[in-house]
Amino acid sequence: MLVYCSKLYLTNQKTSEQQLKNAIANHLSINVDVLIHGYKTDLSNGGTIEYYSTYPQVETYPRLTALNLKYPDTSAPNRYCLIEVGVFQKASRKPIIITIVSKLNDTSPVPFRLKQPDITKEIIRRCNISDRTKGYTVKYITSADVQIFKKKVYSKQRRYCIVLISTNPQTGLSLVDIDLLQALLAGIAEIYVIPNPFDSLSYTDALGKKHSAWGGGINILFPIDKNKHVGTRLLLPEYLLTNREKGLSMEESILATIIPYTIQYVLKDHITARDIDRALSPSHIPHKESPPREENDDLISLFSKENEKLESELKTRDNLIAEKDKAIRELEHKIDGLNYQLSQKQSNLVVVEDASTTRSFSSLQEVAVFVEKEMSERVAFNNGAKKAMLRSPYLNYDKVYQAFYALYSKFFPMFRGEISLNEVNEHLLQIGVVYNPKIDERNTYEISYKGRQADLNKHLKIGRDRLPQKTFRLHFEYDSEENLIIIHHAGRHLKTTAS
């Protein structure tokens with residue numbers, strides 16, 4: 001039973017081949033000089049080592065090497081592990097391809113826990129791994145990369161999985177250990193991380209919920225099938241948090257999910273002892289492309305059937321999800337209609353009833369805590385701004401919240417080009433807040449941001465009286481790099497040339 005497979009690329013250097021032999025010898029605790037064609041030995045634990053190679057017996061390319069390592073699993077009786085390491089180099093200027101396949105000969109009742117073979121770790125640690133190796137590096141992407149990523153997802157040439165990781169909006173962190181996941185998936189799947197929670201919206205718009213990730217969730221995108229269908233396994237934040245609390249390793253769970261979809265990608269380049277025998281046969285005619293893969297073709301055929309079964313199940317699940325999404329959209333449409341009817345009945349009110357007017361606060365401290373907790377994905381305090389706000393004697397706490405809510409719900413989409421300034425000003429008029437895009441040029445303030453003087457021009461004005469109990473000001477700027485509205489000052493009216 002095949003349980004693990006990966007494919008690594010070594011950089012094309014003179015030392016790469018020797019590095020690989022050193023890694024194998026170090027892992028097996030043997031002298032590297034014994035690793036020649038035909039080497040066999042028994043291990044003290046009842047296992048065996050076999051090593052085969054076409055070089056230096058055959059000087060021409062391709063060069064083929066196969067290592068078979070068989071040993072008993074000490075954690076489970078009646079279980080033997082077989083590790084096959086295949087090495088293939090098509091030509092002198094081509095990279096060295098290493099495939100690692102792990103199989104089980106198992107009659108043990110003890111459950112098997114999938115993990116990365118130690119020899120894989122040793123090869124990665126001691127050899128110069130090429131960037132062509134899937135998953136060797138983690139790729140961080142933004143909304144600007146959406147179209148490039150979309151092409152990769154739907155590419156017919158993609159034969160490997162993609163793991164798309166979003167970050168938690170509150171913490172900005174992933175719900176899995178990205179470094180550990182990258183180590184496990186090296187040579188197996190590509191890892192993409194969307195570090196900015198708001199960039200996740202762009203991916204959802206371009207790819208749909210099925211092929212994107214958001215809110216700290218993870219989406220595993222399987223290779224495209226013959227029907228041009230890209231299957232997925234969506235791991236929602238709630239699922240990840242629940243399993244982490246149970247002490248389960250989500251990283252190993254993701255590895256186990258991906259392996260069945262990686263077999264074809266790996267086995268098409270896998271070298272076995274049979275390939276070596278055939279290449280060294282006197283009647284053998286060197287193949288220009290690659291050696292025959294009869295043994296591997298049988299495995300590929302077997303797992304292709306399994307993949308088709310899994311893809312059918314995934315397609316059924318996706319259809320059910322699509323039906324549920326349709327029902328949700330219809331329900332949302334009905335809710336929108338009811339909300340519109342309600343707004344028509346309340347049209348005689350001066351102030352529009354929205355989320356900003358249905359909350360009540362007892363202090364500025366409470367408002368600040370709410371802003372940091374519920375609006376952090378769009379609004380953030382610069383150093384000192386929160387302290388200045390808490391020192392303010394202004395008493396209309398609900399009005400301050402409405403101003404912050406205007407930044408969150410109106411100014412943020414305006415800065416992203418989604419609504420107009422006129423729409424923003426209409427909202428401000430309804431809640432009794434004034435927007436001024438510029439301050440007097442003669443006024444300067446000792447507030448910095450990212451090593452420069454903060455831009456305090458844009459500000460919201462509550463009250464016209466100079467008494468701090470009746471006046472509140474919010475000075476802010478939009479940081480397009482961070483995709484955040486940064487609050488530079490909140491509270492008392494800043495001193496001016498006139499004061």
Side-chain angles (χ1 to χ4, degrees), residues 5-43 47-71 82-103 117-133 136 186-187 265-297 299:
C5 58
S6 63
K7 178 161 62 177
L8 309 174
Y9 288 83
L10 298 191
T11 56
N12 185 17
Q13 298 177 353
K14 292 182 180 180
T15 58
S16 293
E17 190 172 350
Q18 188 60 44
Q19 284 179 347
L20 176 59
K21 293 184 72 173
N22 290 340
I24 292 172
N26 186 75
H27 173 70
L28 300 176
S29 300
I30 59 176
N31 191 316
V32 69
D33 295 332
V34 304
L35 291 177
I36 59 175
H37 176 66
Y39 172 73
K40 297 181 182 180
T41 188
D42 294 329
L43 301 173
T48 58
I49 299 173
E50 298 178 359
Y51 185 86
Y52 306 92
S53 182
T54 60
Y55 181 80
Q57 289 86 343
V58 178
E59 295 288 344
T60 58
Y61 284 87
R63 286 186 181 177
L64 316 177
T65 299
L67 170 73
N68 292 342
L69 173 62
K70 184 179 180 181
Y71 58 92
L82 175 62
I83 305 284
E84 294 180 357
V85 179
V87 184
F88 173 60
Q89 187 177 21
K90 183 178 178 181
S92 61
R93 296 184 179 181
K94 296 292 183 179
I96 298 174
I97 302 175
I98 305 170
T99 50
I100 303 161
V101 174
S102 179
K103 303 175 182 178
D118 290 338
I119 194 168
T120 305
K121 302 175 186 176
E122 190 70 16
I123 291 172
I124 292 174
R125 187 170 71 88
R126 290 181 171 268
C127 298
N128 294 323
I129 306 298
S130 167
D131 288 339
R132 289 186 60 183
T133 300
Y136 184 59
Y265 169 69
V266 173
L267 289 189
K268 73 183 184 68
D269 290 315
H270 186 52
I271 299 298
T272 66
R274 182 181 294 184
D275 294 319
I276 308 294
D277 290 340
R278 189 181 292 111
L280 294 176
S281 172
S283 60
H284 173 68
I285 300 174
H287 198 282
K288 291 184 178 180
E289 296 298 325
S290 61
R293 298 283 194 273
E294 294 176 4
E295 183 180 89
N296 294 342
D297 289 343
L299 283 170

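Keep in mind the model is a prediction, meaning the values are calculated, not measured.
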Within the structure provided, determine whether [X] and [Y] are in side-chain contact (heavy-atom separation under 4.5 Å).
X    : Y    : result
P95  : R132 : yes
I36  : Y51  : no
L20  : I98  : yes
T41  : T48  : no
L43  : L28  : no
H270 : I97  : no
I30  : Y39  : yes

If you measure from [atom1] on [X] to [atom2] on [Y], what distance do you get to the nearest 0.5 Å?
X    : Y    : atom1 : atom2 : result
Y136 : D131 : OH    : CG    : 7.5 Å
R278 : I276 : CZ    : CD1   : 10.5 Å
I83  : N68  : CD1   : CG    : 10.5 Å
I100 : T120 : CD1   : OG1   : 3.5 Å
K94  : F88  : NZ    : CZ    : 10.0 Å
I24  : I123 : CD1   : CD1   : 5.5 Å

Quick test of your reading of the model: are D118 and K121 salt-bridged, counting only N-O distances below 4.0 Å?
yes
For the pair K70 and E50, find out whether any cationic side-chain nitrogen is under 4.0 Å from an anionic carboxylate oxygen.
no
Would you check, one step at a time, whether the test side-chain contact (heavy atoms from CB on, under 4.5 Å) holds for N128 with Q19?
CA-CA 8 Å; N128 294 323; Q19 284 179 347; 3.2 Å; yes
Residues, nucleotides or ligands: over 12 heavy atoms within 6.0 Å of K21 NZ:
yes
Heavy-atom closest pair, residues [X] and [Y]:
X    : Y    : value
G187 : Y265 : O-CE2, 4.1 Å
L10  : S130 : C-CB, 4.0 Å
K7   : T133 : O-CG2, 3.8 Å
I96  : E17  : CD1-N, 4.0 Å
V101 : L267 : CG2-CD2, 3.9 Å
A186 : S6   : O-CB, 3.9 Å

Do any N or O atoms from the side chain of [X] and from the backbone of [Y] form a donor-acceptor pair under 3.5 angstrom?
X    : Y    : result
D275 : T272 : yes
N26  : N22  : no
T11  : Q13  : no

For the side-chain contact (heavy atoms from CB on, under 4.5 Å) test, which of V58, T65, L280 pairs with H37?
L280
N12/R93 under side chain to side chain donor-acceptor pair (under 3.5 Å): CA gap, chis, key distance, verdict:
CA-CA 7 Å; N12 185 17; R93 296 184 179 181; over 6 Å; no
